[in-house]
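I have placed the structure first, in the form of structure tokens, so that the comments after it can refer back to it.
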Amino acid sequence: MDKQNQEEMFNFMQVIRSQRHDFNFHLQAIFGMLEGKRYAECTDYVQTMVDEVSDLNEVLPLYHPAVGALLSTFREVAAHKGIKLEIFVYYNLSHIPCTVSDINKMVGNLVQNAIDEVEQHPTKDRWIQVMILKRSGKSVIKVTNRSSKEISSYKHIFNPGYSTKPLHEGIGLTTVQKIAAKYDGVVYPEFEDDFVHFIVQIPNLLRADDELEF
């Protein structure tokens with residue numbers, strides 16, 4: 001896991017360095033198109049730049065760069081499978097008591113499970129959303145995707161060895177549950193129409209300068 005984190009971090013930092021290095025080239029290209037009054041081409045070019053930068057900016061606020069690197073890697077993996085992975089970071093996880101390795105194990109297992117399921121869906125339903133936020137003094141990680149399964153099929157999902165997918169070991173959610181419990185947290189599914197949300201809640205560390213939240 002440490003080696004994987006290091007590789008993902010290296011790739012993540014390479015993307016950041018590459019964007020900074022190429023910035024002057026982009027400015028020169030934009031200036032040239034404006035001088036030549038090629039406004040439509042310039043608009044398309046800038047839109048492409050904005051899309052690339054916004055993808056990276058979504059994960060930059062995270063306190064641990066390794067978590068952002070993991071999510072960035074998962075987005076690329078999902079894209080290759082025709083899956084749109086949306087990431088919304090409303091809290092940087094700075095007060096979560098977990099090690100970065102444990103955070104990535106939870107995030108990784110939840111997102112991988114979602115990819116495995118969504119990969120079986122029609123192209124139009126291949127969508128996953130990851131939200132990271134803070135609620136009532138807890139760090140919350142929420143992974144959402146469409147599900148065609150009956151709610152009853154989720155009854156034993158946290159049992160070791162249980163899986164709704166063939167040829168799967170069924171240890172991912174068990175791992176997430178054990179890690180969450182180690183930090184006095186919980187993981188549970190919520191169901192909404194044809195969506196399933198897997199939610200992890202971990203109590204944050206309290207510090208002397210923290211404001212009380214209700």
Side-chain angles (χ1 to χ4, degrees), residues 4-94 96 100 103-104 107-108 110-135 139-148 192-198:
Q4 181 182 349
N5 285 341
Q6 290 172 7
E7 290 175 353
E8 288 165 352
M9 273 290 297
F10 176 78
N11 293 334
F12 189 53
M13 296 307 297
Q14 286 294 92
V15 171
I16 295 174
R17 291 192 187 102
S18 176
Q19 287 192 352
R20 290 182 61 186
H21 178 266
D22 295 343
F23 185 69
N24 285 337
F25 300 140
H26 292 314
L27 285 180
Q28 290 169 10
I30 291 169
F31 181 73
M33 284 184 280
L34 290 175
E35 267 199 325
K37 303 187 186 319
R38 293 151 59 189
Y39 302 126
E41 292 177 32
C42 186
T43 299
D44 292 340
Y45 189 85
V46 171
Q47 185 60 57
T48 300
M49 288 179 56
V50 169
D51 291 342
E52 291 177 356
V53 172
S54 64
D55 284 348
L56 184 62
N57 286 346
E58 285 171 359
V59 296
L60 279 178
L62 287 164
Y63 185 76
H64 297 289
V67 181
L70 179 68
L71 286 170
S72 182
T73 299
F74 264 123
R75 180 157 43 200
E76 292 180 13
V77 170
H80 285 304
K81 296 176 180 288
I83 300 170
K84 183 177 182 180
L85 177 57
E86 296 182 340
I87 301 169
F88 298 96
V89 178
Y90 300 110
Y91 175 58
N92 66 2
L93 298 179
S94 59
I96 195 170
V100 64
I103 297 172
N104 273 355
V107 171
L110 291 177
V111 175
Q112 186 61 61
N113 278 357
I115 289 176
D116 290 342
E117 179 168 341
V118 170
E119 197 175 4
Q120 311 304 317
H121 295 178
T123 304
K124 66 182 179 66
D125 292 333
R126 293 189 175 185
W127 168 88
I128 298 169
Q129 183 185 87
V130 178
M131 292 182 64
I132 298 176
L133 59 146
K134 182 165 62 172
R135 180 184 298 158
S139 288
V140 179
I141 301 167
K142 181 178 178 181
V143 178
T144 300
N145 60 269
R146 288 187 182 275
S147 175
S148 57
E192 177 186 6
D193 299 327
D194 57 346
F195 292 96
V196 59
H197 313 272
F198 276 94

*asked:* Is the shortest side-chain heavy-atom distance between L34 and Y39 below 4.5 Å?
replied: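 Yes, side chains in contact.
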*Quick one: are Q112 and F74 in side-chain contact, heavy atoms under 4.5 Å?*
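Yes. Closest side-chain heavy atoms under 4.5 Å.
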Kindly give the heavy-atom pair with the smallest separation between [X] and [Y], and that separation in Å.
X    : Y    : value
R146 : V118 : O-CG2, 4.5 Å
W127 : I83  : N-CG2, 4.2 Å
R38  : E41  : NH2-OE1, 3.0 Å
A66  : N104 : O-ND2, 3.3 Å
N145 : A114 : OD1-CB, 3.5 Å
R126 : K81  : NH1-O, 2.9 Å

Calculate, to the nearest 0.5 Å, the distance between atoms [atom1] and [atom2] belonging to [X] and [Y] respectively.
X    : Y    : atom1 : atom2 : answer
L93  : I141 : CG    : CD1   : 6.0 Å
H64  : N92  : NE2   : CG    : 9.0 Å
I87  : Q129 : CD1   : CD    : 10.5 Å
I96  : Y63  : CD1   : OH    : 12.5 Å
S147 : H197 : OG    : NE2   : 11.0 Å
I132 : Y91  : CD1   : OH    : 11.0 Å

*Spell out, as yes or no, whether a donor-acceptor pair under 3.5 Å connects the side chain of S72 to the backbone of G68.*
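Answer holds: no.
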_side-chain contact (heavy atoms from CB on, under 4.5 Å) for L62 and L71? Distances and angles first, verdict last._
CA-CA 10 Å; L62 287 164; L71 286 170; 3.9 Å; yes
*When L85 is tested against each of I115, I128, V77 for side chain to side chain contact (heavy atoms under 4.5 Å, CB included), which residue passes?*
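Only one of I115, I128, V77 forms a side chain to side chain contact (heavy atoms under 4.5 Å, CB included) with L85, namely I128.
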_Flag if over 12 foreign heavy atoms under 6.0 Å of CZ, F31_ =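 Counting other residues, nucleotides and ligands, CZ of F31 stays at 12 neighbours or fewer.
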*Strictly by modelled atom types, are E117 and N113 linked by a side-chain donor-acceptor pair under 3.5 Å?*
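No.
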